[in-house]
There are 2 protein chains.
Amino acid sequence: MTTETRKSEIINTAAKLFKHKGYSAVTMRDLAQAMGIKAASLYNHIESKQAILEYIIINIAEEFTLGMQTVLNSDLNTIQKLEAIIKLHVSIANQNPEGMAALNNDWMHLEERRDYYLELRQQYESNIRFIIDEGIAKNNLKNLSTDVVLFSILSTLRSLYLWIPKKDQLDVNELSSDLSEVLIGGINK
Amino acid sequence: MTTETRKSEIINTAAKLFKHKGYSAVTMRDLAQAMGIKAASLYNHIESKQAILEYIIINIAEEFTLGMQTVLNSDLNTIQKLEAIIKLHVSIANQNPEGMAALNNDWMHLEERRDYYLELRQQYESNIRFIIDEGIAKNNLKNLSTDVVLFSILSTLRSLYLWIPKKDQLDVNELSSDLSEVLIGGINK
DNA sequence: TATTTAAACTAACAAGTGTTAGTTTTTTTA
DNA sequence: TAAAAAAACTAACACTTGTTAGTTTAAATA
């Protein structure tokens, strides 16, 4: 359990380094230095560099999948579902922006678990697409290109990790509602 | 001039590889193999790996800066200016999605020219911010958080490179206008 | 056709890579 | 306090990295 703590420290430190330079450019010696130990000592706590990436990415991906299930099983209407998804993203990005960076930029360096990640990701996307289509069918959303709407929302939400760390002391509810206003209501008068 | 052609071939091939795995994970031997030659032969045409990255990123960054100047010097209104910027992004992303990937994901691996790139990028952002503020002041845009509006638009436009290659035979005008509709007009009825 | 130039090659370098083995030090537990 | 466990260490490995030097082949020019 001390190991578990130390392991998390390593993973969190790694995530920070990955955010700055990307998985490939971060060496085990970089990571060790950031932890104040030697590279070989890292292996008392983690199995491999690859395993660190897996921990970071798969945990977040499964957190998103879980959040999506909650939304899908709710009786919210289309707009409310989209608002819930926006809040899910703000919340996770706020809690772990470094991990989100790795998920967005380094997933292609996953080995064994790459396909699993891609499966979760694709499933997540189809679920949002389904919600948008439903909204258009029920006349809750304008009849726009589903692809363009999906792309626009998801691009913004996926980039949150870049933006959130700049704001100190973030109010998740406030940002979520501001984002919903812009993404759903548009900006022109 | 034969050299110039060969050099461009190398740079374009590199951009494709960078898009898939990122700058750090692509080796000169990978690049050589993709070109059908040996790694050492690359150096008859390019100065270094770093120089390839510079060519890719700085060219695009300057193209954006140029496009922004045209927009700023025009007498378009706020909405039209934003539409012009959207079209600028769609056009560049469509013409060079691999380069856009490198610009978005590998700029931090620039060495000498990193600061120059960041300067162009920051200037570009402030210009959009200025247009949004002007729009709010002139009552052409809703009175929303400038930061959130800027972030939402820019995130979407910066992610275009991920989405465009999937669509074959893209109509730049059509996508630009669809995007404008969603980003500016919103999606709810 | 002879010569220059462009573009490929082989061989090698110094430095850096993730990781393992074996050992010592520090901390926790009995 | 003695024993056990955790966490650090040094040293080394096999391999990969970007790049250079020197050479050979192919193409363009005179």
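So you know, we letter chains A, B, ... as the sequences are listed, proteins then strands, and number each from 1.
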Inset, instruction - Would you indicate which nucleotide in C:dT10, D:dT10, D:dT17 comes nearest to any side-chain atom of B:K38? - result: C:dT10
Inset, instruction - Compare the minimum distances between each of C:dC9, D:dT19, D:dA12 and the side chain of A:R29, then state the nucleotide with the smallest one. - result: D:dA12
Inset, instruction - May I ask you to decide if A:T27's main-chain N or O and A:K49's side chain share a donor-acceptor pair within less than 3.5 Å? - result: no
Legend entry - Nucleotide C:dT20, atom P - distance to OH of A:Y43 in whole Å: 7 Å
Legend entry - From OG1 (B:T78) to CD (B:Q80), nearest 0.5 Å: 9.0 Å
Legend entry - Under 3.5 Å donor-acceptor pair, B:N44 side-chain atoms to C:dA8 base atoms: yes
Inset, instruction - Just compare C:dT19, D:dT19, C:dC9 and give me whichever is closest to any side-chain atom of A:S48. - result: C:dT19
Legend entry - Nearest-Å distance for atom pair CD/P, residues B:E111 and D:dG18: 12 Å
Legend entry - A:Y23 and A:H109 aromatic ring geometry - parallel, tilted or perpendicular at 30°/60° bounds: parallel
Legend entry - B:Q33 CD to C:dA8 P, straight-line distance once rounded to whole Å: 15 Å
Inset, instruction - Return no unless some side-chain N or O of A:S41 is found under 4.0 Å from OP1 or OP2 of D:dA7. - result: no
Legend entry - A:Q122 CD: over 12 foreign heavy atoms closer than 6.0 Å: no
Legend entry - Nearest listed nucleotide, side chain of A:A40, among D:dT19, D:dC9, C:dA8: D:dC9
Inset, instruction - Among C:dA8, D:dT20, D:dG18, find the nucleotide with the atom closest to the side chain of B:T27. - result: D:dG18
Legend entry - Length of the NZ-P vector between A:K49 and C:dG18, whole Å: 5 Å
Inset, instruction - Send over the distance from A:I46 CD1 to D:dA8 P, rounded to a whole Å. - result: 12 Å
Inset, instruction - Specify the separation, in whole Å, of atom CD of B:E47 and atom P of D:dT19. - result: 10 Å
Legend entry - Separation of C:dT10 P from B:I37 CD1 (nearest whole Å): 12 Å
Legend entry - Under-4.0 Å salt bridge between A:K81 and A:E134: yes
Inset, instruction - State whether A:H45 places a side-chain N or O below 4.0 Å from either non-bridging phosphate oxygen (OP1 or OP2) of D:dA8. - result: yes
Inset, instruction - Return the value, rounded to whole Å, for the distance between atom CZ of A:R6 and atom P of D:dC9. - result: 10 Å
